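Everything numeric here is computed off the predicted structure, so don't read it as measured data. Sequential numbering from 1 along the given sequence is applied to the chain's residues.
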Amino acid sequence: MRFVVTAGPTREPIDPIRFLSNRSSGKMGYAIATAALENGHDVLLISGPVSFPSPAGAKRLNVITSDEMYHAVQRAARDCDVLVMCAAVADYKPRRMAKQKIKKHDKEISLDLVQTRDILKSLPQRRDYLVVGFAAETNELEKHAREKLRHKNCDIIVANDVSGSAIGMESDENAVTIFFRDGKMKKISRAPKQKIARRLVKIILKTAKKF
């Protein structure tokens with residue numbers, strides 16, 4: 001099967017040296033790409049800025065902003081069997097990027113933010129590939145994950161609690177709850193992200209065969 005996996009954060013520029021971003025390390029997405037490769041599948045990894053090398057055998061496309069991620073996914077999704085949207089794409093970006101560095105003044109300043117394009121919602125309703133979304137939540141995990149599953153037309157949502165520092169973003173471990181279209185759910189207890197990824201890929205492949 002042909003996997004497209006997104007990973008890492010995006011950076012939304014404020015001026016030539018500053019940006020808005022988040023704490024995503026990209027470890028979970030890279031672990032999923034590695035697990036898919038271990039199972040003999042082709043992998044295109046669309047990666048935001050991260051600090052480690054590509055998994056051996058993966059094709060990698062580097063992006064920085066949410067707009068770049070949007071365009072990369074739109075192109076890649078046409079030729080995939082499974083799209084895993086693990087990247088932590090920014091929800092907002094500055095309306096305009098300052099052409100020069102913003103200097104410090106005595107007065108306060110405010111940023112005018114606008115919504116970024118919603119990549120999941122932009123995907124076609126009718127498609128011939130499986131879409132796996134991710135939901136990083138700090139409260140009411142099941143409620144928010146099920147809403148995302150429904151409103152963003154995903155086939156699977158993988159949700160994790162990022163309210164603490166022990167698991168999730170920037171950590172080597174994770175614990176996830178998987179939500180399916182038919183209302184079923186499955187939990188994977190805390191474990192290294194590599195182990196979580198291998199279990200996720202098995203579940204994804206099983207679901208894709210029914211697709």
Side-chain angles (χ1 to χ4, degrees), residues 1-9 22-41 43-46 55 73 76-77 80-89 91 118-123 125 127-211:
M1 285 192 176
R2 296 164 298 179
F3 276 69
V4 172
V5 181
T6 69
N22 57 64
R23 292 172 42 221
S24 173
S25 65
K27 292 176 181 178
M28 193 72 246
Y30 273 61
I32 291 170
T34 300
L37 288 163
E38 290 172 350
N39 277 268
H41 302 288
V43 174
L44 170 62
L45 180 60
I46 303 176
V73 170
C80 76
D81 301 302
V82 177
L83 173 61
V84 182
M85 291 289 295
C86 192
V89 180
D91 294 320
D118 193 317
I119 301 175
L120 280 174
K121 286 188 73 173
S122 74
L123 298 172
Q125 296 284 318
R127 55 186 183 246
D128 56 2
Y129 54 91
L130 188 79
V131 175
V132 182
F134 274 68
E137 304 295 344
T138 58
N139 67 307
E140 297 187 275
L141 183 144
E142 181 171 350
K143 175 186 174 182
H144 294 312
R146 289 195 184 278
E147 287 175 352
K148 188 171 185 177
L149 178 68
R150 183 170 59 256
H151 294 153
K152 300 201 176 183
N153 194 34
C154 294
D155 301 298
I156 297 172
I157 283 287
V158 181
N160 63 310
D161 185 339
V162 295
S163 60
S165 59
I167 59 173
M169 289 187 171
E170 298 180 308
S171 172
D172 291 329
E173 295 187 326
N174 211 350
V176 302
T177 305
I178 308 161
F179 298 89
F180 302 88
R181 274 186 181 270
D182 62 4
K184 294 180 181 178
M185 59 181 284
K186 183 179 182 63
K187 291 188 176 184
I188 301 179
S189 300
R190 180 174 175 174
K193 287 182 175 177
Q194 294 89 341
K195 289 187 177 180
I196 298 266
R198 292 187 185 105
R199 292 189 64 183
L200 280 175
V201 166
K202 287 181 181 179
I203 290 167
I204 290 168
L205 291 171
K206 185 177 179 180
T207 306
K209 289 177 181 177
K210 300 175 183 178
F211 192 69

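- In this structure the side chain of L45 reaches within 4.5 angstrom of the side chain of P55, judged on heavy atoms.
- For D155 (side chain) and V131 (main-chain N/O), a donor-acceptor pair under 3.5 Å exists by modelled atom type.
- Between I167 and A175 the shortest heavy-atom distance is CD1-CB, 3.9 Å.
- Residues E147 and E140 fail the side-chain proximity criterion, which asks for heavy atoms closer than 4.5 Å.
- Counting only heavy atoms from C-beta outward, the side chains of L83 and R127 never approach each other to under 4.5 Å.
- Taking the side chain as every heavy atom from C-beta outward, K152 and D118 approach each other to under 4.5 Å.
- K193 contributes a side-chain N or O that, together with a main-chain N or O of S171, makes up a donor-acceptor pair within less than 3.5 Å.
- By the 4.5 Å heavy-atom criterion applied to side chains, K202 and K206 are not counted as neighbours.
- In this structure a side-chain-to-backbone donor-acceptor pair under 3.5 Å is present from N22 to A88.
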>> Please evaluate residues V132 and F3 with respect to the criterion side chain to side chain contact (heavy atoms under 4.5 Å, CB included), reporting the C-alpha separation (whole Å), side-chain torsions for both, the decisive distance (0.1 Å), and the verdict.
In response: CA-CA 11 Å; V132 182; F3 276 69; over 6 Å; no
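- With contacts defined as side-chain heavy-atom distances shorter than 4.5 Å, the pair R146/M185 qualifies.
- A side chain to side chain contact (heavy atoms under 4.5 Å, CB included) with M1 is found for one member of L130, D81, I204 and no other, namely D81.
- Side chains of V84 and L200 form no contact here, defined as non-hydrogen atoms less than 4.5 Å apart.
- A donor-acceptor contact shorter than 3.5 Å links the side chain of K148 to the backbone of F134.
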